Amino acid sequence: MTVQHNLKEQLVNDFNNYEAGLNGDAKSELHRIRKNAIDSFAQKGFPTTQLEDWKYTNLNSLAKKSFQSNFTTNKQPTSIDISKFLIPDLKANMLVFENGWYREDLSTIIDEAEGLVIGNLSKAFKYAPQLISDHFTKYADHTNEAMVALNTGLAQDGLFVHIPDKHVLAHPVYVLQIANTEKGATIASPRSLIIGGENSQAKVLQHFVSLNETAESFSNSVIEIYAGTSSRIDHFIVQDEAATATNLTETQTYLSKQSHIHCHNYSLEGGLIRNKTNMVIADEHSEAHMYGAYVLNENQHADNRSLVDHSSANAFSQELYKGVLGGKSKGVFNGRIMVRRDAQKTNAYQTNRNILVSDDAQIFTKPQLEIFADDVRCSHGCTIGQLDEEAIFYLRSRGLSLKQAKTYLLKAFVGEVVLKVGIEPLKDYLIEKIDEKIKGMMV
Amino acid sequence: MLKIENLKAQVEESGLEILKGINLEINAGEVHAIMGPNGSGKSTLASVLSGKETYEVTGGTVNLNGEDLLDLDPEERAWAGLFLAFQYPVEIPGVSIANFIRTAINAKRENAGLELMNAKDFLLKIREKAAMLEIDPKFMQRAVNEGFSGGEKKRNEILQMAMLEPKFSILDETDSGLDIDALKVVANGVNKLKSAENATLIITHYQRLLDYIVPDFVHILYNGRIVKSGGKELALELEEKGYDWIKEEVPAASH
């Protein structure tokens with residue numbers, strides 16, 4: 001009889017062992033937060049499908065496997081050839097992270113300005129204590145959300161971006177999040193904190209990739225984004241990992257007065273993917289935009305959840321998510337819009353459209369509108385369907401083969417979302433990646 | 001160019017026979033018009049010729065330049081030089097007209113083993129054709145038929161026709177829902193594209209399109225058969241007397 005591994009106990013033990021090795025640092029405020037978070041995780045454990053939020057994403061088998069936690073960074077980092085991951089023609093501030101740890105040796109920062117910080121969290125903990133104390137863990141909920149708690153407990157490093165007031169960042173921040181399992185199955189806790197000052201603007205792209213697929217990788221990521229008054233932050237997530245990868249990403253944003261946040265999410269490759277995007281509209285005249293596409297094949301699973309919390313009046317939110325599902329893949333979309341009592345004159349729109357290209361693919365889609373104000377405009381629409389036969393015939397009558405016609409229509413379908421990407425090289429890259437994947441799905 | 005012999009077809013699902021033996025021959029350089037009341041089988045004929053799978057051919061032959069058309073898939077018919085201007089063109093959001101037409105041209109070229117048309121040559125050609133058809137170049141950047149008016153949709157069909165340079169074109173109720181200005185633009189385009197090497201079949205309920213595109217021959221389709229053929233004056237006669245005239249004149253054809 002085999003004894004099943006208990007990942008929760010293992011990770012809590014790992015934390016305790018790590019804590020025992022700390023001396024004076026164990027008394028720091030940062031450690032207190034981590035300790036509280038681990039306690040919260042220990043109490044809650046991995047989410048089960050009993051929870052509405054995790055109804056379709058089952059972590060049960062994952063929670064019985066062993067994953068190395070990595071509390072310390074490798075003193076002698078191995079060389080990694082990152083060239084195969086890079087997005088052609090993208091000129092950016094590039095930061096490479098390996099299993100959540102910053103690889104300064106592989107990173108290049110090109111933009112400089114007074115007060116501008118593009119770097120890593122472990123450094124920011126030391127050199128930017130005020131910004132850390134004002135913002136770190138202030139948006140993502142590590143007391144109620146088990147996976148946020150686990151990330152908060154385990155994350156020792158991560159992305160830190162601070163755009164000072166009135167600064168418009170010249171180049172995007174390109175974050176390459178590499179999962180490396182050469183030493184066996186590994187859990188990484190990528191953490192990000194992005195702070196946009198008043199009237200600032202920045203674009204941040206996080207690209208999740210796998211260096212190898214010999215062992216399972218488990219990335220449990222938390223991203224906190226703060227948009228100051230009249231600022232604009234564009235955040236992009238591209239998930240392109242191995243079939244052996246699990247990627248859980250929680251994005252928590254905070255919108256100040258007149259600020260705009262655009263969150264994009266593109267799920268291409270990876271075994272199990274779950275994204276949760278929470279937009280908190282904290283003040284008036286702010287705008288939350290969400291775009292996403294998932295193109296799934298084989299046994300892929302992608303669960304996309306969003307919550308727009310309109311807690312202030314006169315704000316706008318809109319969401320457009322599209323999915324193409326082939327093979328035996330499974331997709332989930334849950335879009336929740338909450339309009340609180342004081343959030344009068346709210347405009348909120350949401351659309352989710354799906355096309356199933358195989359008989360065995362599944363999609364579960366659910367809009368969820370909770371409206372407590374009486375003067376609002378809210379709408380939602382979700383569709384699940386197959387390709388339109390009339391449209392296929394139209395294209396064939398113009399000389400496209402059946403396969404070409406289907407591929408072309410699917411590309412156009414997803415294209416509506418991808419065309420919203422405001423970084424040209426990224427847009428081209430995504431179009432090419434998606435074209436390639438859709439072609440492979442048409443057998 | 002096109003020879004239809006005793007063509008019979010039914011609705012695939014219900015088995016209802018719509019075309020009951022059509023005979024028609026169209027030569028290069030000719031413009032033919034098929035007119036008929038609602039339900040006579042006009043649009044079914046267009047669909048059957050272009051290969052729509054909702055209809056089943058139960059008899060007869062169709063030959064386009066020596067090729068047995070009924071044996072071909074819709075895309076193979078396009079490669080063979082057939083073009084159908086749709087009565088209800090489909091909207092394709094997310095694709096520009098330019099991209100769509102270039103894809104179509106290159107699909108045909110790829111099949112013929114020809115070199116693909118590059119972006120520069122394509123642009124020159126589409127600009128030239130747009131100018132000829134009096135179409136604003138900005139039009140080509142719009143998503144295919146998305147939110148188009150009736151006139152814009154038909155203009156797009158004619159632009160595609162101009163770019164794909166088919167040997168044989170079918171215009172299915174191209175005049176339906178068009179105001180007089182749009183009608184003139186479309187008719188003007190068809191007239192300019194006419195040559196000694198191609199042929200056109202216009203399917204219409206009303207005579208008014210034939211004020212602008214003058215046909216060499218007019219055929220009246222009634223109850224699945226061509227019951228009367230003549231010159232352009234037949235359209236005028238029909239306009240004057242109405243379809244009841246046909247119904248009375250050819251009761252034998254209806255059963």
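Numbers restart at 1 for each chain; the letters A, B, ... are given by sequence-line order, proteins then strands. Values in this document were obtained by computation on a predicted structure and should not be read as measured data.
Contact annotation for B:Pro166: neither backbone nor side-chain heavy atoms come within less than 4.5 Å of a heavy atom of chain A. Only the side chain of B:Glu157 comes within less than 4.5 Å of a heavy atom of chain A; its backbone N, CA, C and O stay farther away. When heavy atoms are compared at a cutoff of 4.5 Å, B:Asn111 does not approach chain A at all. Using a 4.5 Å cut-off between heavy atoms, B:Phe100 contacts chain A through both its backbone and its side chain. Contacts between A:Gln404 and chain B at a heavy-atom distance below 4.5 Å involve the side chain alone, from C-beta outward. For B:Gln160, the part lying under 4.5 angstrom from a heavy atom of chain A is the side chain only. Contacts between B:Glu53 and chain A at a heavy-atom distance below 4.5 Å involve the side chain alone, from C-beta outward.
Salt bridge status for A:Lys437 with A:Glu432: absent, with no side-chain N to carboxylate O gap under 4.0 Å. The pair B:Glu152-B:Arg142 meets the salt-bridge criterion, with a side-chain N (NZ, NE, NH1 or NH2) lying under 4.0 Å from an Asp/Glu carboxylate O. Between A:Asp234 and A:Arg232 there is a salt bridge, since a side-chain N of the basic residue sits under 4.0 Å from a carboxylate O of the acidic one. Of the charged side-chain nitrogens involved, none lies within less than 4.0 Å of a carboxylate oxygen, so that A:Lys328 and A:Glu298 do not count as a salt-bridged pair.
The ring of A:Tyr394 has its center closer than 6.0 angstrom to the ring center of B:Phe86. The aromatic ring centres of A:Tyr429 and A:His207 sit less than 6.0 Å apart.
Counting heavy-atom pairs under 4.5 Å between each of B:Asn99, B:Leu82, B:Leu164 and chain A puts B:Asn99 at the top. Between chain A and the residues B:Leu84, B:Thr103, B:Asn106, B:Ile92, the most heavy-atom pairs under 4.5 angstrom are made by B:Thr103.
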**Report entry** Stepwise salt bridge (charged side-chain N to carboxylate O under 4.0 Å, His left out) test for B:Lys125 and B:Glu165
**Finding:** CA-CA 12 Å; B:Lys125 181 166 176 170; B:Glu165 298 173 332; 3.3 Å; yes
